[in-house]
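Both ligands and their constituent atoms are indexed starting at 1 by order of listing.
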Amino acid sequence: MANPRLYSGMQPSSGSLHLGNYIGALQQWRAMQSDFDAFFSIVDLHAITVPQAPDVLREQVRTLAAQYIAGGIDPDRSCLYVQSHVAAHAQLQWLLATITGFGEASRMTQFKDKTAKGGQEAASVGLFTYPVLMAADILLYDTEVVPVGDDQKQHVELTRDLAERFNKRFGKTFTVPKPVILAGGARIYDLQAPESKMSKSADNDKGVIWLLDEPARTAKKIRSAVTDTEGSIRADRAEKPGVTNLLDILAAMTGTPVAALEEEFAGQGYGVFKTAVADAVVAELAPVRERTLELLGDPAELDRLLDANAERAAEVADATLARAMEAMGLR
Ligand code: ATP
Ligand code: LTN
């Protein structure tokens, strides 16, 4: 029997992925690709829901593609493609928008969070309908499983509701997907402000480890990570967020559970511990960085690969779109 279908994606909205994206998404996608028929997209149509400079966006799409591959996504096994290269995403998005309630979309917490600062007047309609486009991504591929961080769970629930509503109204057309919430320990925090998640939009660059940082810079950021004055190496999210974060990072890099790390480092100083974390992160990320730069050295080859994968994706997506249009009486 064929493996179940899996779909996920990330936005090309920064010049590089950071360690949070790597541990919270890429590492886990890599592990899942042998058990699933996986599609991983670079969601550039989602990225333009906030302003992007065209030339920068183009480069960020290539960099993200290179980082997917360097991080272990095998483009021969999984379909790795750019969302905007497959026209069906924008088309299905419109069909789904017509069955999405205005109130329903207004309840999406990410939209509320993202507009909390600038106000809704400053936001685009595209930002408002972002979750409907995400539903189109997922439903076009008859997806069964969607691995996402908990912040995206509500969008996958909306996707399920839209699939069920469509099927009820127009006849069975879509597979109803399930979210798979990625491992809890996988949330990585800012090294300088360990109560906030590591994020591409952080104020202080020293708190974020970029996959494209030079190894020496990565090691320095880890050695300067904020800890506490207690001096013991144990996990305690409330009292010791900095040390706990470093333990989570080391666990993700080495595959050793946090409890075993606590034992291993019992009685040791923060200096020794931080050096161990820095060494482990550099050992994992240096080859990823090198491979990314190598891939970026041949953009024509990268573009060829993305084109071929978009064709594969379009075959699946176009068939689903045709089914949906037929069902709605549009063909
Ligand atoms: P933002 O700065 O807007 O929050 P981001 O770069 O931090 O963006 P997203 O683009 O929202 O992250 O997410 C891409 C993927 O990386 C998602 O699957 C998300 O769950 C995961 N992710 C992002 N930040 C972290 C983090 N700090 N720890 C673990 N996973 C993360
Ligand atoms: N909204 C997601 C990115 C995303 C996605 C998807 C994830 C767009 N389409 C489809 C899973 C499935 C994010 O910001 N992490």
Item to check | Side-chain donor or acceptor of Glu264 paired with backbone N/O of Ala259 under 3.5 Å | outcome: no
Checklist entry - Heavy-atom count around Gln268 CD within 6.0 Å, excluding the residue itself: above 12? => result yes
Considering both backbone and side-chain atoms of [X], is one of its nitrogen or oxygen atoms within less than 3.5 Å of a nitrogen or oxygen in ligand 2?
X	value
His155	no
Gln152	yes
Gln110	no

Checklist entry - Are Arg234 and Glu263 ion-paired here, with the side-chain N under 4.0 Å from a carboxylate O? => result no
Item to check | Pair Arg62 + Glu59, salt bridge at N-O below 4.0 Å | outcome: yes
May I ask whether [X] places a heavy atom under 4.0 Å from ligand 1?
X	result
Arg187	yes
Gln152	no
Leu17	no

Between [X] and ligand 1, is there a nitrogen or oxygen pair with a distance under 3.5 Å?
X	result
Gly20	yes
Lys200	yes
Lys114	no

Item to check | Which segment of Ile23 sits under 4.0 Å of ligand 1 when only heavy atoms are counted | outcome: neither
Checklist entry - How far is atom 3 (C) of ligand 2 from its nearest protein heavy atom, and which residue and atom is that? => result Gly9 O, 3.5 Å
Checklist outcome for this item: If you scan protein heavy atoms around atom 14 (O) of ligand 2, the nearest is Tyr130 OH, 3.0 Å
Checklist entry - So Tyr81 and Phe39, would you call those rings parallel, tilted or perpendicular, with 30° and 60° as cut-offs? => result perpendicular
Checklist entry - Relative to each other, are the rings of Trp29 and Phe40 parallel, tilted or perpendicular (30° and 60° limits)? => result parallel
Checklist entry - Strictly under 6.0 Å, is that where the ring centroids of Phe111 and His155 end up? => result no
